Each structure stands twice: as structure tokens, then as C-alpha cells.
Amino acid sequence: MSVLARSVGNAFRNKVRTAAVVAVLAVAIGLALAMLVANQAVGAKVQELNASVGTVLTVNPAGGQGFEGGGEPLTTDQATTAAGVPNVSAVVGTSSLRLRNAAEAAAQAAAQTGQTGQTGPGGQAGQGGPGAQAAATLTTSLTAAVDAGTLGNRNQQANGTAGAAGTTQQPVRSLPITATGIGAGVDTTGKALNITQGSGLGDYTAASTAALLGTTLAEKNNLTVGSTFTINDQTYTVSGLFDAGTTFGNNAVFVTLPSAQALAGTPGELSSMIVTVNSMDNVATTKTALQTALGADKADVTQGQNLQTAVSSLDSVKNISFIAFVAALGTAGLIILLIMVMLVRERRREIGVLKAIGAPNRTIGLQFVLEALVLAALGSAVGAAIASFASGGIASALISSNTTTTTATTGRGFPGGQGGPFGGASQLLNSVTATASPGVIAGGIAAVFGVAIIGALVPALLTARIRPIEVLRGE
Amino acid sequence: MIEVQNLVRTFNSGDRTIKPVNDVSFVLEQGTLASIVGKSGSGKSTLLSLLGALDKPTSGDVVVNGVSLAGMPDAKLTEYRRRDIGFVFQQFNLIPNLSAVDNVMLPMEFAGVRKAARAQRAGELLEQVQLDPSKHGRRINRLSGGEQQRVAIARALANEPKLILADEPTGNLDEQTGDHIIELLSSLSRDHATTILVVTHDRALANKTDRRFRLQQGKLTEEPVRGRAVAANV
């Protein structure tokens, strides 16, 4: 009978005790594996979020918020400053325009002429929202592909463009069309434009009369590659069509940056900057450096889609699950240590017998280590089954618990509802799926075996101290 | 040859010092069958443990074939027990959850004997000690005391040791089996030059040995065996 066979036999010598030990071990190992699975799932999600956020930072004027913000416009000088910040690999400026259909704008102007004294606060011939400084509103021959609908009309009235005290029914308007002057072939989030027909704009840093249209906008206006349209009476030729993936995103036009600046009459001004960092690892430090270089009172630097909080929260969950994994693993190791110490004490005489008939210390030690591994293997088998059922629930509980804590701490409501600051993040968090993959389970069990060996080494070394004369104890 | 030189073993019990082995010296030639008799607690088992390197003497030495056990490192002592010594313990000290044949194979496993060879030899030894073949694979805790004793004797013979130390080897055996075991030990000493030292209360066994010692209050004296002269080397 080999040492291994003897160890297996010894592990089952007292079946009731073995069952109890395996049950306790299984709980500890199951918890450890569940934590590892949760850790891996959350880690993968963090990577996914980081990848979706990418290495892009967005710089907006301080106080700016899309078309509604205030503050001072960014400048090309600031773009040069940004480009000089360490780890910045590219800076792309944008200039945002809002286009209104020329006929619709004329009709609205006529209607407002007949409503003396009814112009809403901040209303500027119905073209600008209150304090709108981030984008100029221009006229175009294009008709928006998106109807205003209830929400659009409500928003336009709230913005004062219709006159707060007006009693006359206003003409129904479509949503404005977003036009963006861009310094490279990317969208406003820094992603490459998905051009489905035609070609790009060539040199995005030179004035040009070429334009890219969203697919739905082109379809609405019966335009295709080579067709023309006007912006402020300037004729533009469609050089390509792009697909942004959303209805709103496709109700848009891209022109080169100098063209947009010329149309808006704001040469040298930028609505925003898209800054690309050379590595994901450098994003956080570069963001800080960029904010410092541009000045917090001049520019707001943000990462991606406000996902930092989500990533940070998931990182906390990841850390908690890792600590819990280590703690549960340590507990399993401690259980094995204590059980094996107890067994060594119980079998002192038997160890003495083995020594008396010539067993070397290493053979006896190995026998106890293998016995511990048999117990660990049994515990792991049951623990893996527990983990496969419990890991999803534990991961959800951890994430839920952590986000609740965030809510209580920040008072802002991390998960966020519709329109909340982190609504998207909430969806991302909810989509964390903890699946007990064989690779992760195998890795966890390998760690359990490592801990079991460490836990069994101490009692195995204790056997070396037992003298063979123990065999005569009681004789 | 085993040469015991002024062997002393003391134990402290509270403020008392006990000397179960007190200045014991003797020489056993290779192939001698010897017995030690004495009352319970006279130190017989302690003397056996010193000869078998289970315990270390307070002073004195045991020299086996010219090699002194005093000062020998533990690993060497383990090797000595594995290669040169066969023990038969009074309480058998078999591994309870192993079968009879597995118990006999254990010393051979530690000596590096191949599995097939040790299985064959274990079977032969169990037959020599007259254990029913149907019980070779039976667990120790399902064997009677006499059967366990025979397994213990077979285990002691496993590695063909030069010295067999047996504590009451016939104590749990019926007369017939006891006689057979005595004959087996005699033939080992006679035919294989195995030195055998038995501790016994069995006067019949003691009388069948080549030399007989009496241990009394730690002191060893040799007694004449019927028909034989006392050896001169005590």
C-alpha cells in the first residue's frame, strides 16, 4: 500500500468526523471560490468599462453643459497646451453648431413679429436658449430627421424660445440638427466615425465645403453621396454618410473644424477637446495633469461617460471580494491546520510505531500532507458545487451593498434613474454576471491546495518531533 | 554481535530519580537466542527500547557489529531500525486500519522493496506464522489477539533483520501456536544467524533460549539455562 493509498484510507478512518470536517471545509472553500468568481466577474467588468471609457478624456469649458452651459470658450492655444501634457497622444478640437431648417426659422420669426412683448427670457429671436454660448445656431436647407415630439416641444418651451407669457399657438417645430466641426475623423466621444457610404472629409484641419451626414438625416432629405445642401447659404457637398448607431446620433452633420469655426464666426474657438491618452494606466494621472495645465476655472476634464464612479465602485467590490477570498482561503487553511494538529496528537503512538519500524520523517510527514489534501479535495468538490450556485447571488449582494453605501455617502444616488447622473452606470452594474468558469474554479482550487499544503506542513513537521519511544507509551 | 556497555537509563519522577536500567553490560554473539525475565516494571521493555534505538540511554553505549549507537544522528538510527531491527511489541502496535498483509508490507515499503516482492514476502511470512490465508487481507481490528500477535511477529521478520527484539511474543498465543513461534524464532537464530532477544514471563520459552538473563531493579544478571553453562561475557 502506497503512502497515498494509506493517506486516503486514513482520511476515511472516522467517517463521521471526516464528513463534519469536509462540511466545514466546503463552506469555507465554497465561500472562497464564490468570492473569487465574483472578483473575476467584477474585474472583467471593470476592464470592460475601462475599455468602453477607453483612453479618451473630454475637455469642456468650465461651467459648460452641452448647448446650455456658460463659461468661456476653449481656444486653440489651450489645445496646444493640452497636447504638451505628458502622456497625451492626440488632441482633437470640436466646434458645435445647431442647425435649424431655414423655412421653419423664417416662419417662427414671422410669428414672433406678431407677438410684441412676448419674447421669453433670454430668447434671442427664438434661436438661442438661455445663455447658450457653447454653440451657434445657424439655418440650413436640411430638415431634421427627428420630430420634436412631446418631449422636444416641452423642452423648447421651457427654454423660453417660445415666450413664457405667449398665448398664441406656436408653429410645430422639428428638433435642431447637430453639426460638429471636427479636427479628425472621430465623433465627439473620440471614436472613429463609422462611414457607411462615400469617404471622409480628407484634411479635417482645413476649410472645406465637404460634409458627412448621418444616414437617417440623409434619408429624410433624400440626399446621397455627391448631393448638396446649404448652411447659412453656404453650399456643402455630401462626401459620405455615417452611422452613429442611434436615431439622435444620425440626425447630425460633420464638417471640418475650420469650416465650422468660420460658419459660427468664432475662429480659434473650440466647443470641446477630445484628448487621447497613450495608455489606460496613465488616464487618471493625465486627467489630473490636464486639469492643472488648463486651469480648473477654465476647463472641465471628464473621463468618458461619467463611468469613473461606476468603475471606482466596482473596484471597491473587487477589492472586497478579493479580501473575502483571501480570508475564506485562510480560514480553510486554518481549519486544515487545526484538524491535522488534532490528528497528529491523536496518532502520536501510531507515528511512534511507524518510526519504530523504520519510517523516515519525510514519509510520515508526506502521509499527513496527503491526508490533508484528500480532505481539501473533498471540501473543494463540495465547495465548488456551493460556489457554482452561490457566486451569482454573492456577487449581486456585494454590488448591491456597495452601491447602497455609495448612495448613503454621496447622497446623489449612484444607480440613478432616468436622467440621473449615473443612469448608464447603473445599467452596467446590473449587467455584471458572475459565472463560475472552470478556469476560475480550477485556479481557486489550486489556491486551496496551496493553502492546504501550508496548513498541513506545520502538523507534518510536528510529526518529526515525535520520538519512536512513543510506541511504548502505555505498555 | 551486540555489545552493551554500562548502559544506564534514568527517569525523573517528581523529585525522585528512577533507574530502570542501571549499569547493564552484556555481549550477544550473532545468532544467539536469549531471553530476559523479570517482574513487571523491572525495566525489561526499557532495555529493549534502548537496544532497538527507540530511546537514548542516559549513559553507556550499544555497539552493533562494531558500530556505536551513541551519538548516531536520528536519520541513521531510523535506518538502523529499518534495516537491522525487528520489533515484536507486547501490545502488537499494528496499524489498525490496515490489513494484516499491509501491516507486514510496511517495513518493506520503507526499505524500498518493490510492491510485488513485498506482497509475496508478506504472504509467505503470514503463512510461516500460521495465519489463516483467508485472514491475510482482513483488517487488524477484525483479528483476534493471537492473530494480531502473529501478524506482529511476521512484520518483525519482514526485512530479515539481524536482531529481533520481542516483548512477550507468545503471551497471547495458545500453547500449540506458541510452540510453533518458539520453533520459528529458534530456526531463525540457528539457520539465519539472527540474534533474538525475547522478554518473557513464559518459563518454557525462557528455557528454550541459549542464554537467559534476569533483570531486577535495573540490574542484569545471567541465569543458567538448563543443560548450559552461563556465558562468561556478562
Side-chain angles (χ1 to χ4, degrees), chain A residues 1-19 21 340 342-372 374-375 460-475, chain B residues 9 11 40-41 44-46 48-50 52-56 74-99 101-112 115 118-119 122 137 139 141 152 155-156 158-159 161 165 167-168 199:
Chain A
M1 180 176 271
S2 66
V3 180
L4 177 61
R6 212 158 47 241
S7 302
V8 173
N10 282 341
F12 291 99
R13 196 185 278 194
N14 185 332
K15 291 183 177 63
V16 174
R17 184 168 61 195
T18 299
V21 169
M340 296 315 292
M342 187 184 76
L343 289 179
V344 167
R345 288 176 66 86
E346 193 178 276
R347 296 191 201 149
R348 283 181 76 87
R349 183 164 175 167
E350 188 177 310
I351 293 166
V353 172
L354 293 174
K355 290 192 173 190
I357 62 175
N361 285 334
R362 65 173 180 279
T363 303
I364 299 170
L366 178 64
Q367 182 179 312
F368 277 87
V369 170
L370 289 176
E371 188 172 339
V374 170
L375 294 173
L461 291 173
L462 283 179
T463 63
R465 299 180 61 181
I466 295 173
R467 295 166 58 206
I469 191 65
E470 289 288 337
V471 72
L472 295 181
R473 193 176 290 275
E475 287 202 353
Chain B
R9 182 68 170 101
F11 296 104
S40 295
K44 302 185 296 293
S45 296
T46 303
L48 278 195
S49 70
L50 294 172
L54 297 180
D55 197 9
K56 291 182 178 176
D74 283 348
K76 285 282 180 191
L77 288 174
T78 301
E79 191 182 331
Y80 163 68
R81 288 192 298 270
R82 181 166 62 231
R83 195 186 57 207
D84 295 333
I85 303 289
F87 280 106
V88 181
F89 298 102
Q90 191 173 2
Q91 294 185 1
F92 323 133
N93 285 320
L94 298 164
I95 307 298
N97 64 322
L98 297 186
S99 66
V101 74
D102 283 337
N103 266 280
V104 178
M105 284 165 66
L106 263 183
M108 292 185 272
E109 181 192 323
F110 300 145
K115 189 175 181 180
R118 63 183 191 243
R139 280 190 173 195
N141 50 17
R155 184 180 69 181
N159 284 337
L165 301 169
D167 200 349
E168 299 287 1
V199 166

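Here the structure is a predicted model, which is why all the values come from computation and not from measurement. So that the names make sense, note that chain A is the first sequence line, chain B the second, and so on, each numbered from 1.
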Asker: Could you look at B/P161 and say if it's the side chain, the backbone, both or neither that has a heavy atom under 4.5 Å from chain A?
Answerer: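 Neither; nothing under 4.5 Å.
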Asker: Which answer fits B/R83, side chain, backbone, both or neither, if we ask what part of it has an atom under 4.5 Å from a heavy atom of chain A?
Answerer: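 Neither the backbone nor the side chain of B/R83 comes within 4.5 Å of chain A.
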Asker: Atom OG in B/S45, atom CG in B/L54: separation rounded to 0.5 Å?
Answerer: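 Taking OG in B/S45 and CG in B/L54, the distance rounds to 10.5 Å.
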Asker: Using modelled atom types only, decide if a donor and an acceptor are shared between the side chain of A/K355 and the backbone of A/I469 within a distance under 3.5 Å.
Answerer: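 No, A/K355 side chain to A/I469 backbone: no donor-acceptor pair under 3.5 Å.
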Asker: Quick one: do A/E346 and A/R13 make a salt bridge, cutoff under 4.0 Å?
Answerer: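 No, A/E346 and A/R13 are not salt-bridged.
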Asker: Side chain, backbone, both or neither: which part of A/N10 has a heavy atom under 4.5 Å from chain B?
Answerer: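 Backbone plus side chain of A/N10, per the 4.5 Å heavy-atom cut-off to chain B.
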Asker: Please answer whether the main-chain N or O of A/Q367 pairs with a side-chain N or O of A/R6 as donor and acceptor at a distance below 3.5 Å.
Answerer: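 Flag not set: sc A/R6 to bb A/Q367 has no pair under 3.5 Å.
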